[in-house]
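Worksheet: the structure to be examined is printed underneath.
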Amino acid sequence: MIRIILNGGPFMMVLFIFFAAIIFIAVKNIKEPYHTNGIILIGIFTAFIGIFATWLGVNNALNAIPDISKIAPHILLNGVLTALITTFTGGVILLIATGIWVYFIKKHNLLVV
């Protein structure tokens, strides 16, 4: 599992830094409201970073197709798999951030309709 996460490329560290920021804001929100909407904003940003990293990875993989005679197909597929890890991680972080955000919105009664 750790090997797969580390294979996600350089954008994985950015995603984990944003996840740490979400956890930090969540801990600060335990007693009183503290930038509660920042939780969902950072979560959305992680999803966008994941999609962007996947686009870069798939674009690089597709650019290698003209040289496919020099590259084994399983290497190309491993590159695409590595690119998709960032999208999955960004989506999971968004899902967690949404759950945390909803919890604190209800706890601090911040939802204005």
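In this chain, residues are counted from 1 in sequence order. Everything quoted here is computed from the prediction, not taken from an experiment.
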How close do [X] and [Y] get, counting heavy atoms only, and between which atoms?
{"X": "Thr54", "Y": "Ala83", "answer": "OG1-O, 2.7 Å"}
{"X": "Thr46", "Y": "Leu94", "answer": "OG1-N, 4.1 Å"}
{"X": "Ala26", "Y": "Ile100", "answer": "CB-CG2, 3.8 Å"}
{"X": "Gly43", "Y": "Ala97", "answer": "CA-CB, 3.9 Å"}
{"X": "Ile25", "Y": "Gly38", "answer": "CD1-C, 4.5 Å"}

Give the C-alpha distance, both sets of side-chain angles, the deciding distance and a yes or no for side-chain contact (heavy atoms from CB on, under 4.5 Å) between Phe104 and Leu110.
CA-CA 8 Å; Phe104 285 121; Leu110 295 174; over 6 Å; no

Should [X] and [Y] be counted in the same cluster of Ile, Leu, Val, Met, Phe, Trp and Tyr side chains packed under 4.5 Å apart?
{"X": "Leu15", "Y": "Phe52", "result": "yes"}
{"X": "Ile96", "Y": "Leu41", "result": "no"}
{"X": "Ile93", "Y": "Met13", "result": "no"}
{"X": "Trp55", "Y": "Ile85", "result": "yes"}
{"X": "Ile23", "Y": "Ile17", "result": "no"}

Pairs in or reaching into residues 22-49: which pass ring pair (Phe, Tyr, Trp, His ring centres under 6.0 Å), with residues at least two apart or in two chains?
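Non-adjacent pairs meeting ring pair (Phe, Tyr, Trp, His ring centres under 6.0 Å): Phe18-Phe45.
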
Nearest-0.5 Å distance, CH2 of residue Trp101 to CD1 of residue Ile40
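It comes to 6.0 Å.
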
Output the distance between atom OG1 (Thr36) and atom NE2 (His108), rounded to the nearest 0.5 Å.
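The distance works out to 5.5 Å.
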
What verdict does the side-chain contact (heavy atoms from CB on, under 4.5 Å) test give for Asn37 and Ile105, after you've listed the backbone C-alpha separation in whole Å, the side-chain angles of each residue and the deciding distance to 0.1 Å?
CA-CA 9 Å; Asn37 289 333; Ile105 288 292; 4.1 Å; yes

Does the side-chain contact (heavy atoms from CB on, under 4.5 Å) test come out yes or no for Thr86 and Ile49, once each step is laid out?
CA-CA 8 Å; Thr86 54; Ile49 288 175; over 6 Å; no

So for atom CZ, which belongs to Phe19, do other residues, nucleotides or ligands contribute more than 12 heavy atoms lying within a distance under 6.0 Å?
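Result for CZ/Phe19: open.
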
Between the main-chain N or O of Ile30 and the side-chain N or O of Lys107, is there a donor-acceptor pair closer than 3.5 Å?
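Yes: the side chain of Lys107 pairs with the backbone of Ile30.
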
